[in-house]
Visitor: 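Just dropping this structure here.
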Amino acid sequence: MSPDQLLAPPAKKLPTLRSAVTGLPAYVPGRRSAGADIAALASNESHYEPLPAATAAVAEAAARMNRYPDMAAVELRERLARHLGVTAAEVAVGPGSVGVLQQIITGLCDAGDEVVFAWRSFEAYPILVELAGARPVRVPLDDAEAHDLDAMAAAVTDRTKVVLLCTPNNPTGVPISHDRLEAFLQSVRPDVLVVIDEAYVEYADAGSGPDSLALYRRYPNVCILRTFSKAYGLAGLRVGYAITTAAIAEGLRRTALPFAVSALAQKAAIASLDAGEEMAARVSAVKQERSRMSAELEAQGWKLQPSQGNFLWIRTDDQLLAALVDAFNAAGILVRAYQGDGVRITVADTASNDRVMRLLAAHAA
C-alpha cells in the first residue's frame, strides 16, 4: 500500500435513492412553446386565456398570498358539492387530478399490491403506482383504441386494490360507455376501488361516456376523478378533485401534502365554476373544431377513432411517427409523440388547427 493510500480518508457511503425511484420512467410533459409562431399542441391545455372571473379572483387573492391557504379547502369543496349534488364530506381536492390520484394510491396501496389500468393510457399511472411500491398491471387497449374491460376484469386478482379507468382515454380519446362500465362494476369485487378518471369529461358529447355520478351513487367502490386543468383553463394553478365515499375522502385528505392547493387555485376554481356558461361556450367551440378536423383528416385518408377529448389521436408505426415529428418540429408545431404507438394533437384555435391539417395532408399517402 502506498503512503498516499495510507493517508487517504476512508471511503464514505453517500445517500442513495430508492431502487423504486431510480427505476422509474420519467414523466414526459408536453414541450413548451418558445415563440409567437409556435403552436403548442402537446399538453392538451386550453388555448383560451383563463376565464375573466378566474383572473379577477386570482388578482384579489394575490394580495393575501402571505397567508397559508385553507388546507381543508372547505369553500371549494362546498361549492363542488353543490355543483355535483354530493356532500362536502365526499369531496377531496389536490394539486391537479394527478395529485389526487397520488393520494388515492398512497392511501390504498401497500407494497406488492396491484393497480390495474389500460395501456396505453395516462402515462403517470405506472409512475405513481411504482413509486408507492405497488405493482402496475397494464392491460392492452382493444383494436378500437378503447379499454378492454373484459380483459381488465380478468386481470383483477386478490392483490388488486385499485382499477384506473380513463374516460375519455388519454391519449386515444375513446370513452367508456355507461352500460359497459356498469357491467364491469358488477363483475369486480366491491373492495376494489374503481377510479373513473374524467379529466376530459367536459369535452365529451352527451351520452358518449358514463353517467359517473349515477354509478357512484349505486356502487360505493367508485371514485370519480376530475380536474380544473383542461376545460376550465387552470393548468398553471394545479387543482383537481375526487368524489368518493366520506371515509375514503377523509383518507385522501390525510395523505395530501399540507397546503398543496394554493389559495389562488381554490379561488380561481370557485370562480370558474360560477362562470360555467362561459366555459361551456368555449368547450362547444373546441368540439366544433374537433369535428371539423376529424372530418378533414379522415377525408385525407387518416384513420381516426372518434375522440371525446380536446385532442386527436393518430396511431402510426415508428417510421411514420419519426417523419411526422420531424415535420411538425420543422413547422413550429409542438405535438405529443408516443414511441411505438402514435401521436396526440391538441385541438386549439382555427389557425393552428389549419396548420396541422395542411401538414398532415402532405403525409397522408
Side-chain angles (χ1 to χ4, degrees), residues 18 20-21 24 26-27 29-30 43-46 50 54-55 57-81 83-84 86-109 115 122-134 162 164 170 193 195-199 223-273:
R18 294 166 51 211
V21 174
L24 283 177
Y27 179 80
S43 297
N44 290 344
E45 301 153 316
S46 172
T55 301
V58 168
E60 181 181 355
R64 297 183 296 279
M65 70 173 70
N66 56 309
R67 303 297 184 185
Y68 285 111
D70 175 10
M71 183 173 163
V74 172
E75 186 180 4
L76 174 56
R77 287 169 48 224
E78 289 177 344
R79 180 64 183 85
L80 282 166
H83 178 66
L84 298 167
V86 298
T87 67
E90 297 168 275
V91 182
V93 302
S97 58
V98 69
V100 183
L101 180 57
Q102 185 170 36
Q103 294 162 217
I104 290 170
I105 294 173
T106 301
L108 275 80
C109 293
V115 178
F122 182 36
E123 69 178 307
Y125 290 166
I127 295 173
L128 296 179
V129 172
E130 291 183 20
L131 191 59
V162 179
L164 305 177
N170 174 21
L193 187 72
V195 178
I196 305 175
D197 185 348
E198 295 187 309
C223 173
I224 301 168
L225 193 60
R226 293 183 179 175
T227 185
F228 286 91
S229 295
K230 307 303 182 185
Y232 287 98
L234 300 182
L237 285 180
R238 313 307 303 128
V239 54
Y241 61 94
I243 306 298
T244 184
T245 63
I248 296 292
E250 171 61 21
L252 301 188
R253 290 191 287 275
R254 291 184 184 184
T255 61
L257 184 70
F259 308 111
V261 182
S262 71
L264 277 64
Q266 293 181 39
K267 293 294 185 182
I270 293 169
S272 296
L273 286 171

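Quantities reported herein were computed from a predicted structural model and do not represent experimental measurements.
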Visitor: Only pairs at least two apart or in different chains count here, so list each side chain to side chain donor-acceptor pair (under 3.5 Å) that has a residue in residues 247-257.
Guide: E250-R253, E250-R254
Visitor: Identify, with sequence neighbours excluded, every residue that meets side-chain contact (heavy atoms from CB on, under 4.5 Å) alongside A235.
Guide: S229
Visitor: Please examine the side chains of V93 and V100, heavy atoms only from C-beta on, and report whether any two atoms are closer than 4.5 Å.
Guide: no
Visitor: Please give me the minimum heavy-atom distance between L76 and A269, naming the atom from each residue.
Guide: CD1-CB, 3.8 Å
Visitor: Considering non-hydrogen atoms only, spot the tightest contact between T244 and A249 and give its length.
Guide: CG2-N, 3.5 Å
Visitor: Y241: what forms a ring pair (Phe, Tyr, Trp, His ring centres under 6.0 Å) with it, not counting sequence neighbours?
Guide: F228
Visitor: If you define the side chain from C-beta out and look only at heavy atoms, does anything of F122 sit under 4.5 Å from V98?
Guide: yes
Visitor: Side chains of I196 and L225, heavy atoms from C-beta outward: is any pair under 4.5 Å?
Guide: no
Visitor: Pairs under 3.5 angstrom only: tabulate donor-acceptor contacts from the side chains of residues 57-74 to other protein residues two or more places apart or in another chain.
Guide:
residue : atom : partner : partner atom : Å
D70     : OD1  : A72     : N            : 3.0
D70     : OD2  : A73     : N            : 3.4
D70     : OD2  : V74     : N            : 2.8

Visitor: Supply the atom-to-atom distance L84 CG to I224 CD1, rounded to the nearest 0.5 angstrom.
Guide: 7.5 Å
Visitor: Are side-chain heavy atoms of L257 and P95 found at a separation under 4.5 Å?
Guide: no
Visitor: side-chain contact (heavy atoms from CB on, under 4.5 Å) for L101 and L164? Distances and angles first, verdict last.
Guide: CA-CA 10 Å; L101 180 57; L164 305 177; 3.7 Å; yes
Visitor: How many angstroms lie between atom CD of E130 and atom CD1 of I105, to the nearest 0.5 angstrom?
Guide: 10.5 Å
Visitor: Taking only residues two or more places apart in sequence or in another chain, which ones pass side-chain hydrogen bond (donor to acceptor under 3.5 Å, both in side chains) with Y125?
Guide: D197
Visitor: Can you list the residues that meet the salt bridge (charged side-chain N to carboxylate O under 4.0 Å, His left out) rule with K267, with sequence neighbours excluded?
Guide: E75
Visitor: For the pair R77 (side chain) and A88 (backbone), establish whether a donor and an acceptor sit closer than 3.5 Å, ignoring hydrogens and angles.
Guide: yes
Visitor: Can you list everything that forms a salt bridge (charged side-chain N to carboxylate O under 4.0 Å, His left out) with E198? Sequence neighbours excluded, please.
Guide: R226
Visitor: What is the distance from atom CD of E78 to atom CD1 of I270, rounded to the nearest 0.5 Å?
Guide: 9.0 Å
Visitor: Say you draw a straight line from CG of L252 to SG of C223; how long is it, rounded to the nearest 0.5 Å?
Guide: 6.5 Å
Visitor: Can you list every side chain to side chain donor-acceptor pair (under 3.5 Å) pair that touches residues 89-108, not counting sequence neighbours?
Guide: T87-E90, E90-Y216
Visitor: Where is the tightest heavy-atom contact between C109 and A134, given as atom of each residue plus distance?
Guide: CB-CB, 4.1 Å
Visitor: Does some side-chain heavy atom of L80 sit less than 4.5 Å from a side-chain heavy atom of I243?
Guide: no
Visitor: Would you please name every residue forming a salt bridge (charged side-chain N to carboxylate O under 4.0 Å, His left out) with R238, sequence neighbours left out?
Guide: none
Visitor: Decide yes or no for L131 and V129: does some side-chain heavy atom of the first lie under 4.5 Å from some side-chain heavy atom of the second?
Guide: no
